[in-house]
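Working notes for the structure below.
These numbers were taken from a predicted model, which means no experiment stands behind them.
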Amino acid sequence: MKNFRKAFSLIELILIVIIVGLVGAVCVPTMVKIRKIARENAIEMNVKDIISAGKRYNIEKDTKSVDYKTLVESKYIKECKSVGGESYDAIRIENAGGKIVVDNPFGDKIEKEY
């Protein structure tokens, strides 16, 4: 009968470790970038929803401006969940238009003009 190998040789184990390391070196930065983009998109969607609700509130209530807290309290919008620690409390929607800036703790500031 033939003797069969029952274990990996040292060279095979080293090659496996190198291949896993290379795959990790390629995948990890890509996953970090994808996660950052997903967070930024979620924040942008929240800001768009706030702008839309604020414009609707201003038209229906015939006001010049409204803040985020009032929109939530008057149920024009559900409270936006923080994606990464950002706060929407300082947002104010003006009837004449303007610019909203939200600090994104994981990247650049998110700016949206309306």
Side-chain angles (χ1 to χ4, degrees):
M1 296 192 116
K2 293 184 179 183
N3 279 342
F4 291 104
R5 283 186 356 186
K6 293 187 178 187
F8 291 108
S9 71
L10 183 61
I11 293 176
E12 289 171 331
L13 288 175
I14 291 172
L15 286 173
I16 290 171
V17 169
I18 290 172
I19 290 170
V20 169
L22 288 173
V23 169
V26 170
C27 290
V28 170
T30 302
M31 294 303 289
V32 168
K33 186 175 180 180
I34 289 171
R35 204 166 168 201
K36 179 184 175 203
I37 291 169
R39 282 190 195 116
E40 289 174 354
N41 288 342
I43 293 170
E44 286 178 14
M45 289 303 297
N46 285 342
V47 169
K48 285 180 183 178
D49 290 344
I50 294 168
I51 291 170
S52 176
K55 287 179 177 180
R56 193 173 70 239
Y57 181 93
N58 286 338
I59 290 170
E60 290 177 8
K61 304 287 184 179
D62 197 28
T63 58
K64 292 183 180 181
S65 68
V66 62
D67 63 357
Y68 169 73
K69 289 180 183 179
T70 303
L71 291 173
V72 172
E73 290 169 2
S74 60
K75 300 190 190 244
Y76 271 75
I77 190 171
K78 291 181 182 178
E79 187 171 359
C80 296
K81 296 188 181 195
S82 175
V83 177
E86 76 280 358
S87 175
Y88 301 104
D89 292 340
I91 293 178
R92 183 164 207 78
I93 307 299
E94 303 289 333
N95 225 7
K99 183 180 195 179
I100 294 177
V101 178
V102 176
D103 289 325
N104 179 6
F106 296 103
D108 299 329
K109 294 181 179 189
I110 305 292
E111 298 181 3
K112 179 77 176 162
E113 290 188 30
Y114 62 96

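Rounded to the nearest 0.5 Å, atoms NZ (Lys69) and CD (Glu79) are 10.0 Å apart. One finds the CD atom of Glu44 at 10.5 Å from the CD1 atom of Ile37 (value rounded to the nearest 0.5 Å). In this structure, the separation between SG on Cys27 and CG on Leu22 is 10.5 Å, given to the nearest 0.5 Å. The CG atom of Asn41 sits 11.0 Å away from the CG atom of Asn46 when rounded to the nearest 0.5 Å. Rounding to the nearest 0.5 angstrom, the gap separating the CE atom in Met45 from the CG atom in Asp49 is 5.5 Å. With values rounded to the nearest 0.5 angstrom, Ile100 atom CD1 is found 5.5 Å from Tyr114 atom OH.
Cluster annotation: Val26 is not connected to Ile34 through the hydrophobic network of ILVMFWY side chains, with a link wherever side-chain heavy atoms come within less than 4.5 Å. Ile19 and Val28 are not part of a single hydrophobic cluster, where members link through side-chain heavy atoms under 4.5 Å apart.
Nearest approach of Pro29 to Gly24, heavy atoms of both residues: CD-O, 4.1 Å. Looking at every heavy atom in both residues, Ser65 comes nearest to Asn58 through C-OD1, 3.5 Å. Between Ser87 and Val102 the shortest heavy-atom distance is O-CG1, 4.2 Å. Here the closest heavy-atom approach between residue Leu71 and residue Tyr57 is recorded as CD2-CB, 3.6 Å.
Using a 4.5 Å heavy-atom cutoff, the side chains of Lys48 and Lys112 are in contact. Two residues are said to be in side-chain contact when any heavy atoms from C-beta on lie closer than 4.5 Å; Ile51 and Ile91 fail this criterion. A heavy-atom distance below 4.5 Å is not found between the side chains of Met31 and Arg35. A heavy-atom distance below 4.5 Å is not found between the side chains of Ile110 and Val101.
Side chain of Asn95 to main chain of Thr63: a donor-acceptor pair is present (N/O by atom type, distance under 3.5 Å, no hydrogens or angles). Within the 3.5 Å criterion, the main-chain N or O of Thr70 finds no donor-acceptor partner in the side chain of Tyr76.
Within a 6.0 Å sphere centred on CG of Asp62, other residues, nucleotides and ligands contribute 12 heavy atoms or fewer.
Note on ring orientation: taking the six-membered ring where Trp is involved, the planes of Tyr88 and Tyr68 are tilted (angle from 30° to 60°).
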Chi angles and distances behind the side chain to side chain contact (heavy atoms under 4.5 Å, CB included) call for Asp103, Glu86: CA-CA 6 Å; Asp103 289 325; Glu86 76 280 358; 5.9 Å; no
